[in-house]
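Reminder, nothing fancy here: chain letters follow the sequence lines and each chain counts from 1.
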There are 2 protein chains.
Amino acid sequence: MQRLRAIQQQITPEQQHAEAIDPVASMKEERAKAAFQIRELTYLLDGGERNTRLKEQFMLEFERDPLFRMDDIFDISKDELRERTMEKFRSLVHHLSNESIDIFRKRMECVSMIDPGFWTRFGVHYGLFVGALQSNATSGQLGYWFQKGALSLGGMIGCFAMTELGHGSNVPGLETTATFDAAADQFVLHTPSLTATKWWIGGAAHSATHAAVFAQLIVQGKRYGTKCFVVPLRDPTTYHTLPGITIGDLGKKMGRDGIDNGYIQFTHVRIPRGYMLMKHTRVLRSGQVIEPKLQQLTYGALLQGRVAMVVDSGNVSKKALTIAIRYAAVRRQFSSAQSNIETKLLDYPIHQHRLMPLLAQTFAMLFTGTEMTSMYLEMMQRLENAKPGDKDLNQVLEMLKETHSTSAGLKAFCTWNCLNTIDQCRQACGGHGYSAYTGLANMYQDFAVQCTWEGDNTILALQLGRYLVSSYREARQDNKVLPPGIDYLNKQHRMDVHCTADADSEAWDDVSIIREGWHVVCAHAVHAATLEFEKGLESGLCMDDAYEQCSKSRLYAAKLHSYAYLFNRFADAVLKLQQGELREVLMQVCLLYGYYSIEENAGAFLLYEYFKPPQMQRVRRELDKLCELVRHQAIPLVDGFNLTDYMINSPLGRADGNVYVHYFSQVKQSNPQGPHPYFDRLIKPLISRSLIDQEESDDEQAGLESFSDDEDDDE
Amino acid sequence: MQRLRAIQQQITPEQQHAEAIDPVASMKEERAKAAFQIRELTYLLDGGERNTRLKEQFMLEFERDPLFRMDDIFDISKDELRERTMEKFRSLVHHLSNESIDIFRKRMECVSMIDPGFWTRFGVHYGLFVGALQSNATSGQLGYWFQKGALSLGGMIGCFAMTELGHGSNVPGLETTATFDAAADQFVLHTPSLTATKWWIGGAAHSATHAAVFAQLIVQGKRYGTKCFVVPLRDPTTYHTLPGITIGDLGKKMGRDGIDNGYIQFTHVRIPRGYMLMKHTRVLRSGQVIEPKLQQLTYGALLQGRVAMVVDSGNVSKKALTIAIRYAAVRRQFSSAQSNIETKLLDYPIHQHRLMPLLAQTFAMLFTGTEMTSMYLEMMQRLENAKPGDKDLNQVLEMLKETHSTSAGLKAFCTWNCLNTIDQCRQACGGHGYSAYTGLANMYQDFAVQCTWEGDNTILALQLGRYLVSSYREARQDNKVLPPGIDYLNKQHRMDVHCTADADSEAWDDVSIIREGWHVVCAHAVHAATLEFEKGLESGLCMDDAYEQCSKSRLYAAKLHSYAYLFNRFADAVLKLQQGELREVLMQVCLLYGYYSIEENAGAFLLYEYFKPPQMQRVRRELDKLCELVRHQAIPLVDGFNLTDYMINSPLGRADGNVYVHYFSQVKQSNPQGPHPYFDRLIKPLISRSLIDQEESDDEQAGLESFSDDEDDDE
């Protein structure tokens with residue numbers, strides 16, 4: 001009893017205060033709020049316990065692998081980073097040879113979150129170069145290149161030389177030429193101008209021995225369009241460039257400096273005829289060109305990249321939000337009138353509005369990514385099994401076309417969403433978000449390129465818009481039945497629908513108002529773009545120009561369609577869940593996303609009069625309410641993402657909440673030791689210029705001579 | 001004649017094509033479109049020919065100064081950048097001593113666009129440290145520190161130690177203590193915990209000998225709040241830290257690596273009593289504390305920083321848009337059906353919609369910046385001349401309060417606008433925007449901190465919202481007449497106004513619909529936030545909590561107010577111009593900004609029923625039309641910004657349009673020479689693992705054995 005009192009007495013008010021603001025205690029407090037089984041959420045997001053275990057195994061392996069050390073990358077130079085990135089190749093090649101492709105893909109998903117630069121560098125060879133072989137080589141050619149080591153990385157490393165200094169999105173407009181020399185039975189690869197220089201070629205600067213080069217095929221003076229050629233670049237035993245090959249380093253980039261992008265110029269470089277990949281167009285010994293009877297179906301390859309980027313957008317957003325939300329749970333700023341304990345950022349309604357909608361959006365992207373991945377795999381399967389003329393084939397082709405277009409829009413809006421999420425998270429961390437060691441700056445710089453590569457986002461979104469307009473016209477003119485993803489365009493009467501729910505009713509706790517609303521505004525937006533397009537046609541414009549003229553409306557329709565798609569996939573996923581705590585929480589998150597997406601596009605919902613002003617005010621109130629509700633599950637929800645501290649790689653996102661201690665030790669670790677680097681050379685001569693004037697004694701009453709204790713010089 | 005024909009014959013179709021797509025010719029073509037005197041625009045933006053000449057002089061001086069070389073900064077390390085940044089000090093100190101403050105300020109504006117890292121490093125001493133002395137020191141103390149070299153940088157360099165690891169925006173919540181030791185007549189500065197570590201202190205890591213430290217004043221056990229103390233950090237002859245001072249380097253940041261941010265910990269550091277700056281609160285020899293009768297007016301100092309950031313947002317946007325628009329004028333992609341010449345990006349309606357509104361917004365920020373600068377200077381002048389009790393003083397104080405709040409919102413929305421503009425410009429340059437050498441990546445990274453420092457943007461915007469709500473309540477309850485900037489809140493009937501212009505009338509060519517619309521929606525938004533606030537009060541919340549609860553509505557009101565303000569200042573500036581070509585073009589740009597700002601906030605204009613849906617559709621059509629009109633003046637308009645190639649520091653923004661040649665030469669210049677850095681160590685062992693399997697001859701029919709010339713294996 002006496003001992004207890006002694007202990008109690010030892011607790012000073014200062015200590016009590018310190019405990020109340022202790023970040024570790026704050027984090028525990030948040031975790032205790034979990035209204036659902038966190039593990040259940042993790043399994044749901046990962047697609048089952050087995051996948052979770054697998055991911056946990058990968059995370060641990062990488063964490064323990066010294067090659068994958070990531071806590072010091074903020075301070076190493078581009079050249080050091082490039083070298084370190086190369087070091088990682090061997091261990092991954094090993095796994096590639098020893099794991100099923102499905103498991104290896106999961107491993108790569110992990111890599112893309114740990115080290116996006118390395119993920120790209122590895123992907124250039126295995127995704128782009130080997131992918132180009134698989135899409136364009138005959139089976140014999142494929143065997144030849146695999147035997148040469150294309151798959152095992154024995155003897156060769158490939159790169160993918162498509163874009164040129166003056167040519168990006170427009171592949172048919174590439175300038176590099178491949179002219180057939182019938183006498184020698186060779187192609188002559190040539191860069192005819194500066195703008196034809198192959199540019200942005202990942203792996204070119206330091207890694208590649210061979211390139212899959214896209215060039216204009218010219219036979220007997222006639223052009224046959226852009227084809228793919230394998231061109232040896234370097235002697236694999238010395239890595240000296242081969243005759244006629246000029247390679248340069250593209251140097252510093254905004255991010256992903258681990259990948260060695262370069263430029264390549266060809267000066268009359270000769271390759272055997274057989275190095276042209278001839279799965280589609282063939283050039284025979286005689287110089288005869290045999291063009292394919294059907295344009296090849298390239299949907300598949302493009303789709304895969306887009307689906308991967310939707311998944312990646314969800315994954316990277318997870319990482320960014322884990323940092324910003326955990327930090328907000330322990331960071332305190334300003335005390336309220338009632339207390340001298342400062343308030344957690346997460347308790348501020350405005351901070352909830354900054355982060356909770358982005359958290360909800362991340363779930364929408366994650367569920368959409370999962371759904372698209374299985375749709376993609378299923379369609380590819382059906383496509384492979386289908387025979388020409390099959391009834392199923394037509395249906396699959398329609399679905400493929402739709403998914404191809406929808407995925408173009410989703411790639412665009414998900415990568416934009418993710419980039420925005422990273423930056424919002426960075427800003428939500430205040431000044432500390434500007435430090436390199438808190439991880440968000442790098443994350444932004446690395447991710448930014450996703451809005452541009454594999455199709456500039458604006459161009460991709462416009463492609464979706466074009467598909468929506470043309471589908472709508474087909475449905476109207478030819479009564480064509482549209483595939484499920486756009487069947488709202490079949491129901492033209494939908495455009496007259498106005499929301500009838502009373503602004504004060506209970507109906508707002510359900511997804512159906514949101515679902516219907518999105519259908520209505522999407523239908524309106526596609527209709528508006530179509531009218532504009534048809535007006536262009538009527539005024540005498542050609543198809544392409546009419547599409548350009550309505551491009552803003554097309555982009556707008558694509559945007560609304562993509563937001564609606566994200567919401568619907570989220571809602572589908574939640575409605576499929578068993579009744580229970582997890583479903584209840586996720587339903588709140590889903591409604592939050594729905595009302596957020598409506599508020600972000602309030603103009604459309606009011607313009608097309610789905611909502612009247614009082615209903616839109618209700619949307620706002622729902623959003624306020626949901627932000628506050630979801631805030632209490634915010635830490636359990638990000639815990640459900642199940643990313644280890646190693647994966648997060650930011651002291652502000654540490655699971656234990658001990659952010660200041662970890663941050664300080666990270667900064668100290670990177671602190672350079674040793675003498676001042678330039679005091680003698682620069683500072684001393686500057687500040688000692690006039691030290692002579694200042695030799696007076698450093699009076700401890702310095703500067704206070706103008707007033708003394710008993711003198712009040714106010715007024 | 002024959003010679004002429006020979007010359008004509010020499011022009012092949014390829015040459016004709018090359019000429020048609022020549023970027024230099026494309027740029028000339030754009031310049032020829034100028035419908036106004038470019039020089040006239042430059043003088044207008046600079047505030048007269050004299051200022052233009054001055055800026056041109058500065059630009060040339062910096063360009064020729066080897067210390068200000070900027071074309072190689074993308075490839076130097078943080079440490080090299082820091083050292084180079086220090087080198088620049090001396091030349092600027094020279095100018096500071098020899099130029100009027102007005103002219104020197106213009107020089108610094110130039111510096112902030114050339115090298116924002118150096119601008120900050122220099123500004124830490126002259127802006128923050130000297131500023132802290134000027135705001136907080138008695139005249140005697142000021143004289144003392146100036147004599148010691150604070151102004152001439154002789155013998156001392158200062159830094160500004162306010163923020164702590166755990167404390168940013170909440171200055172009263174700082175933890176560092178300054179305890180008065182009466183016996184020794186000294187203060188003891190101490191860092192009581194990890195979170196009390198002074199953090200982000202610019203200049204601490206390598207530069208400063210002294211710090212202006214903000215700490216809790218404690219005298220005889222009583223706390224008197226945060227005051228400012230000058231604390232010596234280093235021996236100026238050796239730069240070793242003084243006893244009790246621990247300094248560390250904060251290392252790598254997202255940008256501005258030229259500035260050496262550091263952390264500082266004090267362990268019972270003693271300073272003479274006179275080192276407390278005692279303009280306001282004074283501590284006498286006896287330990288008596290004399291607190292000021294009036295809270296000091298700190299509006300002035302804050303205002304200056306905010307106005308500077310509005311100006312900087314306009315200036316940095318100028319730079320970003322010069323790059324993206326010049327590039328869009330020469331970059332061609334995809335050819336139309338009619339031509340084999342690819343189309344300029346600038347000719348695509350969607351590209352016009354990406355860039356023209358941002359260009360218009362830049363003008364709005366520039367005119368607003370100019371207007372605020374002169375308002376600020378005029379008010380400071382009036383304030384200095386006014387005597388207590390003057391009728392004028394009250395009026396000025398009201399205006400000051402309004403400008404103080406408005407500038408908080410403008411700082412927030414202008415820095416956000418600028419950051420967004422930089423990123424949109426980067427994305428509009430496609431893949432090349434991701435290269436460090438094209439300048440936009442660095443620009444983003446350097447600028448990003450402006451959204452956080454001198455007040456987190458969200459918090460500043462909320463301050464404006466609070467001012468709007470409280471002013472509105474004063475006007476309603478006390479019939480107080482509000483200052484001009486918010487007089488729309490006096491006119492409550494304004495809220496019932498609906499736009500009566502027919503969607504097809506001519507009225508849309510004028511600013512008045514836009515002006516009125518902004519007044520109406522702003523009044524509505526402030527009204528809505530006020531209702532929410534009052535509902536909170538009624539439900540029993542205290543003032544602060546009621547403000548927190550309506551924070552989202554407050555932020556929204558502040559956003560609309562700021563957009564309206566930007567538009568109104570732009571419109572004012574244009575309407576003041578003499579009739580003529582320049583005014584005509586700028587009026588188009590102004591209307592473009594107006595309709596863009598409405599479309600961006602379409603939800604508000606429809607929610608408050610200022611516009612009906614058909615009118616909102618007209619807004620869209622006006623915007624489309626204006627984007628196309630302004631597109632033709634885009635190059636003349638950015639030429640009017642009058643930034644030299646040195647200032648732009650991006651090959652894509654070169655005035656001559658010869659982007660590819662400059663870009664290629666920049667990349668080549670930064671290309672590392674010498675042998676492969678890690679082939680022997682890493683690549684060779686990897687790819688030669690299994691070379692033994694591949695010793696077969698490199699058959700020139702490689703892989704083609706499966707089909708021969710006369711065999712067609714299709715089907």
*Min side-chain heavy-atom separation B/I687-A/M156 under 4.5 Å*: no
_Given heavy-atom pairs under 4.5 angstrom as the criterion, report whether the side chain, backbone, both or neither of B/T163 touches chain A._
neither
*What's the spacing between B/I350 CD1 and A/R554 CZ if we round to 0.5 Å?*
7.5 Å
*B/H676 side-chain N/O to A/H206 backbone N/O, donor-acceptor pair under 3.5 Å*: yes
_Main-chain N/O of A/L194 paired to B/Y660 side chain as donor or acceptor, under 3.5 Å_ = no
*A/P685, part contacting chain B, at a heavy-atom distance under 4.5 Å*: both
*asked:* Is A/V661 in contact with chain B via its backbone, its side chain, both, or neither, using a 4.5 Å heavy-atom distance?
replied: both
*What pairs with A/H351 under side chain to side chain donor-acceptor pair (under 3.5 Å), at least two apart in sequence or on another chain?*
none
*Verify, without hydrogens or angle tests, whether B/D249 (side chain) and A/N671 (backbone) share a donor-acceptor contact under 3.5 angstrom.*
no
*Which atom pair, heavy atoms only, marks the closest approach of A/C451 to B/Q427?*
CB-OE1, 3.8 Å
*For residues A/K668 and B/Y263, determine if any side-chain heavy atom of one lies less than 4.5 Å from a side-chain heavy atom of the other.*
yes
*Minimum heavy-atom separation for B/P349 to A/Q549, with atom names?*
CG-CA, 4.4 Å
*Of the non-hydrogen atoms in B/P677 and A/E83, which two are nearest, and what is the gap between them?*
O-OE1, 4.4 Å
*Output yes when a side-chain donor or acceptor of A/R331 lies under 3.5 Å from a complementary backbone atom of B/G166, and no otherwise.*
yes
*Which distance, rounded to the nearest 0.5 Å, do you find between the CH2 of B/W199 and the CZ of A/F664?*
5.5 Å
_Any side-chain heavy-atom pair of B/L607 and A/Q617 under 4.5 Å_ = yes
*asked:* Show the nearest heavy-atom pair for residues A/T452 and B/G431, with the distance to one decimal.
replied: CG2-N, 3.4 Å
_Region of A/I21 in contact with chain B, defined by heavy-atom distances below 4.5 Å_ = neither
*Any chance you could measure B/Y434, atom OH, to A/L250, atom CG, to the nearest 0.5 Å?*
13.0 Å
*Could you check if a side-chain atom of B/R426 sits within less than 4.5 angstrom of a side-chain atom of A/M254, using non-hydrogen atoms only?*
yes
*Answer yes or no: is there a side-chain heavy-atom contact under 4.5 Å between B/H353 and A/L555?*
no
*Does a side-chain heavy-atom distance below 4.5 Å link B/H432 with A/W200?*
yes
*Name the region of A/L419, side chain, backbone, both or neither, that has any atom closer than 4.5 Å to a heavy atom of chain B.*
side chain
*Tell me, for A/S551 versus chain B, whether the close heavy atoms (under 4.5 Å) come from the side chain, the backbone, both or neither.*
both
*Please examine the side chains of A/D423 and B/Y444, heavy atoms only from C-beta on, and report whether any two atoms are closer than 4.5 Å.*
yes
_A/Q445 portion near chain B, given a 4.5 angstrom heavy-atom threshold_ = both
*Hey, could you give me the OH/NZ distance between A/Y437 and B/K253, rounded to the nearest 0.5 Å?*
9.5 Å
*How far apart are the closest heavy atoms of A/G603 and B/A602, and which atoms are they?*
CA-CB, 4.0 Å
*Excluding sequence neighbours, so at least two apart, what forms side chain to side chain contact (heavy atoms under 4.5 Å, CB included) with B/I459?*
A/F334, B/S169, B/D456, B/Q463
*A/Q333 side chain to B/H167 main-chain N or O, any donor-acceptor pair under 3.5 Å?*
no
*Name the region of A/R256, side chain, backbone, both or neither, that has any atom closer than 4.5 Å to a heavy atom of chain B.*
both
*Go through the atoms of A/S193 and report whether side chain, backbone, both or neither lie under 4.5 Å from a heavy atom of chain B.*
neither
*How far apart are the closest heavy atoms of A/F89 and B/L686, and which atoms are they?*
CB-CD2, 3.9 Å
*Going by heavy atoms in the side chains, are A/S435 and B/K252 under 4.5 Å from each other?*
no
*Residue A/N261 versus chain B: region with a heavy atom under 4.5 Å*: neither
*Toward chain B, the part of A/R82 with a non-hydrogen atom under 4.5 Å*: both
_At a 4.5 Å cut-off on heavy atoms, which part of A/L165 comes close to chain B: side chain, backbone, both, or neither?_
both
